[in-house]
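In what follows, every chain begins at residue 1, and chains take the letters A, B, ... in the order their sequences are listed. FYI, side chains are in, hydrogens and waters are out, and symmetry mates aren't considered; it's all heavy atoms of this structure.
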Amino acid sequence: MLDLNFIREHPDQVREALVKLNTEAPLDAILELDAQRRELLREVEALRAERNIVSKEIGRLKESAARQAKIAEMRQVGERIQALDDRLRSVEDALHQALLQMPNMPHPSVPVGPDESHNVVVRTEGEPRDFDFQPLPHWDLGEALGIIDFERGVKLSGTRFYVLKGLGARLQRALITWMLDLHVREHGYTEVYPPFVVRAECLVGTGNLPKFGDNLYHDVEDDLWLIPTAEVPVTNLYREEILPPGSLPIYHVAYTPCFRREKMSAGRDVRGIKRGHQFDKVEMVKFVEPETSMEELESLIDNAEDVCRRLEIPHRVVQMCTGDLAFQAAVKYDVEMWAPGVQEWLEVSSCSNFMDFQARRANIRYRPAPGERPRFVHTLNGSGLALPRTLIAVLENYQQADGRVVVPEVLRPYMGGVEVIG
RNA sequence: GGAGGGAUGGCCGAGUGGACGAUGGCGACGGUCUUGAAAACCGUUGUGGCGGCGACGUCACCGGGGGUUCGAAUCCCUCUCCCUCCGCCA
């Protein structure tokens, strides 16, 4: 959510940003509703002040004609307050709804462009391996090795579901545990195990609702939502809280499954395990002081890249241009691993600085020092990493001519010493 | 799932229609006293909206929302959460 004061004072900046984002939002409605709200507030508060004073007088007066007259007078005032309150409430509801539709403002450093074709490759690390044979895509490797079962996944749950089996399941579990250990031991994160279903408020807090409900699984009976990412429960850990002085920065890392209906991506990437309705992810979430958030973003990206480095898989960092920026993000970088089988760069991590956008929605504040006024924190998050795509990259980069897959060095202790799959 | 009891400030806890944004205690912070500390004593100690350059004024907030009333922490409705007992259960 944007600061209403900011919108009121800089409507032209906001309008300009919307053009850069190549999107639309109810800016004019917000300005209009805000003006109405303030006018109504002024009126209703003056009446309330009057009523407060006279009501106290009434309490002191003995029963008399004068007292009855004042009561009658205040009854009228009460009716006017009631009427104004009703209008005020509907204006505030409409204003709030409109504000929830407003995307974050892009950070000044974000390159301007209409769509993903204008994203910028910031750096590339590692050399793609030289193959003396034709590297296979993971779906062929996985099936041949008996570690991915697509058909039975579909039998159980429909399209975009699959089953990992044997050393395939083990490899994913090894990756998860190793990544968690890496972020906890080397990068200073505290591990969190959150609920996988949340209330709607949490999704509003992170920015998934109300705009992107189509992409979520919703249990109607209990009105709970399956999380699309650990970002949702972990960011909302401190919803409606004022963190005491000295709390920041907070670094959390969580492993969770993620559930996405993918209605918006129907038909894309249907082959393999790249895009499923359910996938695992290790997610890093940071709560920091506003002044530090851009540096914190750098180290967050580096933490994600470190996973790639240690797995010895080539990766690159891509900065999203304004037209490809997520609704909630002020800045966003993707980390992509090279996958030689499918011959593409796979997005294994998405690292964003939301500034105070989520903090406003979720009302997450901190107190800089004892006695000082609370301020909104800045929130950031980044995958560290998404499992299916990392699994793809491992399988495809470490495949041998005979179809077997070598286990990356760092994972062997987590694989019970297994060095080769197949 | 059934029955009952609760939710008040950082914490504990009083308050059942009018001087209550809220008694008191604890904690924290500042001060007096002291060589220093403790004790004692004094003081400070929530969040947000609106108006104002500002001192400040004003409105709202006693779990959330709605209602009754001239007036609500207090009465009514509703939702959420917590606790106790019973049932079921990995």
Could you tell me how far [M] sits from [N] if I compare only their [atom1] atoms? Round to whole Å.
N	M	atom1	answer
B:G21	B:G46	P	16 Å
B:U45	B:G57	P	14 Å
B:G71	B:A19	C1'	13 Å
B:G4	B:C61	C1'	30 Å
B:U69	B:C75	C1'	10 Å
B:C76	B:C20	P	24 Å
B:G1	B:G67	C1'	31 Å
B:G6	B:U58	C1'	35 Å

Rounded to whole angstroms, how far apart are [atom1] on [X] and [atom2] on [N]?
X	N	atom1	atom2	result
A:Arg367	B:C29	CZ	C1'	13 Å
A:Gln76	B:G71	CD	C1'	17 Å
A:Arg37	B:G48	CZ	C1'	10 Å
A:Leu224	B:U80	CG	C1'	12 Å
A:Tyr366	B:U47	OH	P	15 Å
A:Arg239	B:G64	CZ	P	14 Å
A:Leu84	B:C50	CG	P	18 Å
A:Glu50	B:C70	CD	P	15 Å

For [Y], does its backbone N or O pair with a side-chain atom of [X] as donor and acceptor, under 3.5 Å?
X	Y	value
A:Thr206	A:Cys202	yes
A:Ser383	A:Ser350	yes
A:Glu291	A:Glu289	no
A:Asn303	A:Ser299	yes
A:Arg87	A:Leu40	no
A:Gln399	A:Glu396	yes
A:Asn397	A:Ile313	no
A:Asp219	A:Leu224	no
A:His378	A:Ser293	no
A:Lys70	A:Val54	no

If you assign each of A:Lys70 and A:Leu41 to its closest nucleotide in RNA chain B, which residue comes earlier from the 5' end?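 Nearest nucleotide further toward 5': that of A:Leu41.
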
Both A:Arg365 and A:Ala49 contact RNA chain B. Taking the nearest nucleotide for each, which residue is further toward the 5' end?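 The residue mapped nearer the 5' terminus is A:Arg365.
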
Within the pair A:Asn52 and B:A60, is there a side-chain N or O less than 4.0 Å away from OP1 or OP2?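 For A:Asn52, the contact criterion (side-chain N or O under 4.0 Å from OP1 or OP2 of B:A60) is met.
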
Between A:Arg38 and B:G51, is there a contact of a side-chain N or O with OP1 or OP2 at under 4.0 Å?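 Affirmative; the distance criterion is met.
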
Using only heavy-atom distances, decide whether a donor-acceptor pair under 3.5 angstrom links the side-chain of A:Glu45 to the base of B:G49.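 Yes, a donor-acceptor pair under 3.5 Å.
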
Only counting residues at least two apart or in another chain, list the ones meeting side-chain contact (heavy atoms from CB on, under 4.5 Å) with A:Val77.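 Per chain and number, A:Val77 pairs via side-chain contact (heavy atoms from CB on, under 4.5 Å) with A:Leu47, A:Glu50, A:Arg51, A:Met74, A:Ile81.
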
Tabulate atom names and distances for all N/O pairs under 3.5 angstrom spanning the protein and nucleotides 65-69 of chain B.
unit_1: B:G66; atom_1: OP1; unit_2: A:Arg89; atom_2: NE; d: 3.2

What about A:Phe376 and A:Phe357, are their ring centers closer than 6.0 Å?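 Ring centroids of A:Phe376 and A:Phe357 are no less than 6.0 Å from each other.
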
Within the 4.0 Å heavy-atom criterion, would you say A:Pro374 contacts the bases, only the backbone, or no part of the nucleic acid?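 Sugar-phosphate, no base atom in range.
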
Once rounded to the nearest 0.5 Å, what's the spacing between atom OG of A:Ser265 and atom CZ of A:Arg160?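 So the gap between those two atoms works out to 7.0 Å.
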
To the nearest 0.5 Å, tell me how far A:Leu2 CG sits from A:Arg8 CZ.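 These two atoms lie 13.0 Å from each other.
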
Identify, residue by residue, the members of residues 199-211 of chain A with a heavy atom below 4.0 Å from RNA chain B, and return them in order of residue number, or none.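 Heavy-atom contacts with RNA chain B come from A:Arg199.
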
Contact summary for A:Cys308 and A:His315, nearest pair of heavy atoms: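 Taking A:Cys308 first and A:His315 second, the nearest heavy atoms are CB-ND1, 3.4 Å.
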
A:Leu346 vs A:Glu336 side-chain heavy atoms within contact, under 4.5 Å: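 SC-SC contact between A:Leu346 and A:Glu336 ruled out.
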
Could you run down the sub-3.5 Å N/O contacts of the protein with nucleotides 88-90 of chain B?
none

Among A:Val331, A:Asp334, A:Val120, A:Val110, find the residue that satisfies the side chain to side chain contact (heavy atoms under 4.5 Å, CB included) test when tested with A:Met320.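 The side chain to side chain contact (heavy atoms under 4.5 Å, CB included) with A:Met320 is passed solely by A:Asp334 among A:Val331, A:Asp334, A:Val120, A:Val110.
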
Using distance alone, with no hydrogens and no angle criterion, decide if A:Arg375 and A:Tyr366 have a side-chain donor and acceptor under 3.5 Å apart.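 The criterion, which ignores hydrogens and geometry beyond distance, is satisfied for A:Tyr366 and A:Arg375.
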
Mind listing the N/O atom pairs, protein and nucleotides 15-18 of chain B, below 3.5 Å?
unit_1: B:G18; atom_1: O6; unit_2: A:Arg67; atom_2: NH2; d: 3.3
unit_1: B:G18; atom_1: N2; unit_2: A:Ser55; atom_2: O; d: 2.7

Using Watson-Crick and G-U wobble pairs whose two distances are both under 3.5 Å, how do you write the pairing of RNA chain B as dot-bracket, with | for links to another strand? ((((((((.[[[..)..(.....]]]((((((.......))))))((((((....)))))).[[[[[..)....]]]]])))))))....

